[in-house]
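Have a look at the structure below before the remarks.
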There are 2 protein chains.
Amino acid sequence: MRLLIVEDDATLGERLRARLLREGYAVDLAADGIDGGHLGATEPYDAVVLDLGLPGKPGLAVLREWRAAGNEVPVLILTARDGWAERVEGLQAGADDYLGKPFHEEELLARLQALLRRAAPVRALEMRAGEWRLDEARQCLVADDGHEQTLTATEFRLLRYLMRHPDEVLSKTRLSEHVYDYDAERESNVIEVYVRRLRSLLGAERIETRRGQGYVFRSRS
Amino acid sequence: MRLLIVEDDATLGERLRARLLREGYAVDLAADGIDGGHLGATEPYDAVVLDLGLPGKPGLAVLREWRAAGNEVPVLILTARDGWAERVEGLQAGADDYLGKPFHEEELLARLQALLRRAAPVRALEMRAGEWRLDEARQCLVADDGHEQTLTATEFRLLRYLMRHPDEVLSKTRLSEHVYDYDAERESNVIEVYVRRLRSLLGAERIETRRGQGYVFRSRS
DNA sequence: GCCCGCTTTCAGCGTCGTTTCAGGCTCGAC
DNA sequence: GTCGAGCCTGAAACGACGCTGAAAGCGGGC
């Protein structure tokens with residue numbers, strides 16, 4: 001899962017970014033409306049946190065442009081002003097959720113997770129692979145017998161994305177776009193290496209290779 | 001499915017080409033309006049991605065020439081300028097869809113797929129062959145009883161093209177033009193070989209031979 | 001500053017998809 | 001019936017792609 005934060009307050013932005021990174025997301029941070037609007041239009045994010053009071057270009061204008069271009073990425077709006085009117089305006093511009101400053105990081109997290117879940121295909125309520133269940137909060141695998149298997153950050157990000165798109169051919173490009181943040185565009189075989197590790201954890205049959213096309217994750221064999 | 005990209009930005013063009021290849025299309029790339037216009041006029045594409053800001057000849061002129069010549073290939077226009085006026089002008093010149101730069105690769109893909117689906121003569125919601133259904137997301141065959149049969153990249157491309165043109169005589173030349181790229185000048189019997197493999201998967205009666213003319217795909221016997 | 005674990009790179013190897021080829025078969029024309 | 005072109009078939013060669021294990025690179029924590 002790859003997120004974009006558009007926030008001009010550098011302190012707040014960095015704090016959020018750090019937190020979300022720790023939660024296992026790939027995160028890009030933009031400090032103004034121009035950058036943010038451009039990134040959101042060209043990179044495939046799974047959700048966006050958008051501040052309304054931005055230099056360069058107002059947050060609402062950025063959002064309206066995305067929506068006009070048919071970009072339906074889930075957007076959570078963030079603003080100091082939390083009056084009734086702003087909220088309505090934000091939602092009308094195409095926002096999916098709204099959070100007034102100041103706020104608890106925990107609440108932001110919860111709302112983001114809700115957005116991501118809502119956008120995911122309906123079928124995946126629980127993310128499973130055979131006897132294993134992915135615990136998102138703790139970033140680890142839990143077996144039905146209670147046994148635990150910890151994951152590294154990258155293993156977790158890749159596995160979560162695979163699990164959210166089961167039974168679908170996912171190209172290595174697409175995977176690396178969603179596992180890494182902006183500077184990505186890798187000509188390397190990192191994805192192959194991590195696929196190998198996930199296979200050794202979950203069983204090789206969970207991740208099929210489609211030669212020349214990508215990988216397919218199977219929650220049931 | 002065979003696509004043409006007319007795009008002067010070499011980086012963007014190559015990136016798109018690579019992506020679309022990976023998605024299982026055969027892709028030709030032209031860097032200016034002259035080449036692009038010529039290719040589009042002489043080769044049988046299933047869809048075209050056309051940049052408007054081209055050296056040599058303006059994209060809109062290219063499009064107008066195709067349309068004037070009766071070429072009705074689906075065209076998706078791509079442009080940096082995304083003003084209201086350009087959009088109208090593009091659509092009036094005969095474009096089928098319009099995407100402003102910058103854009104998501106994912107969105108371009110989705111729109112292309114929509115165009116290709118819309119353009120298919122008999123818009124079969126599902127592509128079937130007897131008990132089999134072709135699942136595009138998974139690039140595999142699914143039987144009514146849930147059993148799956150995976151396809152290689154080439155098998156998938158050929159079968160998809162056959163299924164999109166059922167009950168129609170398709171010459172080997174035409175098939176190979178749509179399964180492979182432009183420069184692929186084949187004097188070989190690859191198509192015969194792949195037809196054989198599809199027959200062994202779907203049942204020989206699905207693909208009839210018309211001696212000296214080509215093949216006919218039958219979704220129902 | 002040093003250590004440790006995570007991440008990334010790399011090269012060699014094996015596998016699989018693709019293509020070629022040769023021989024045999026079938027169909028249609030005469 | 002004969003002939004030839006076009007098509008089918010099985011196997012084998014080729015090359016690209018993915019797999020693998022090890023080692024280097026990197027960064028955070030102590």
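Throughout, a chain's letter reflects where its sequence line sits, starting with A, and its residues are numbered from 1. It should be emphasised that the depicted structure is a prediction, and the values quoted were computed from it without experimental measurement.
- Salt bridge annotation for A:Glu23-A:Arg19: present, with a cationic side-chain nitrogen under 4.0 angstrom from a carboxylate oxygen.
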With a 3.5 Å cut-off and sequence neighbours excluded, list the donor-acceptor pairs that the side chains of residues 152-159 of chain A form with protein atoms.
residue, atom, partner, partner atom, Å
A:Thr152, OG1, A:Glu155, N, 3.3
A:Glu155, OE1, A:Thr152, N, 2.9
A:Arg157, NE, A:Val179, O, 2.8

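- As a whole-Å value, the separation of A:Leu21 CG from C:dC6 P is 17 Å.
- Between B:Ser188 and C:dT19 there is no side-chain N or O to OP1 or OP2 distance below 4.0 Å.
- Across the protein-nucleic acid pair, A:Gln139 atom CD and C:dC6 atom P stand 13 Å apart, rounded to whole Å.
- B:Phe156 has its CZ atom 19 Å from the C1' atom of C:dC16, to the nearest Å.
- Contact annotation: A:Tyr180 reaches the phosphate of C:dT8 (side-chain N/O to OP1 or OP2, under 4.0 Å).
- Summarising the geometry, the separation between CZ on A:Arg157 and C1' on C:dT8 is reported as 13 Å, rounded to the nearest angstrom.
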Using the rule given for side chain to side chain contact (heavy atoms under 4.5 Å, CB included), can you reason through B:Tyr215 versus B:Arg174, listing the C-alpha separation, both sets of side-chain angles and the distance that settles it, and then say yes or no?
CA-CA 10 Å; B:Tyr215 297 97; B:Arg174 181 166 163 196; over 6 Å; no
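- Here the shortest heavy-atom pairing between B:Met163 and B:Leu134 reads SD-CB, 3.6 Å.
- Checking the phosphate oxygens (OP1, OP2) of C:dT7, a side-chain nitrogen or oxygen of A:Thr154 falls inside 4.0 Å.
- Whole-Å rounding puts the A:Leu158 CG to C:dC6 C1' distance at 15 Å.
- Between the CG atom of A:Leu198 and the P atom of C:dT7 there is a distance of 11 Å, rounded to whole Å.
- Closest approach of A:Leu54 to A:Leu50, counting heavy atoms only: CD1-CD1, 4.2 Å.
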For every nucleotide of nucleotides 16-25 of chain D, 5' to 3': is a protein heavy atom under 4.0 Å from its base (B), only from its sugar-phosphate (S), or from neither (-)?
BBSBBS----
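- A cation-pi geometry, defined here as NZ or CZ lying under 6.0 Å from the six-membered ring centre and within 45° of its normal, holds between B:Arg160 and B:Tyr25.
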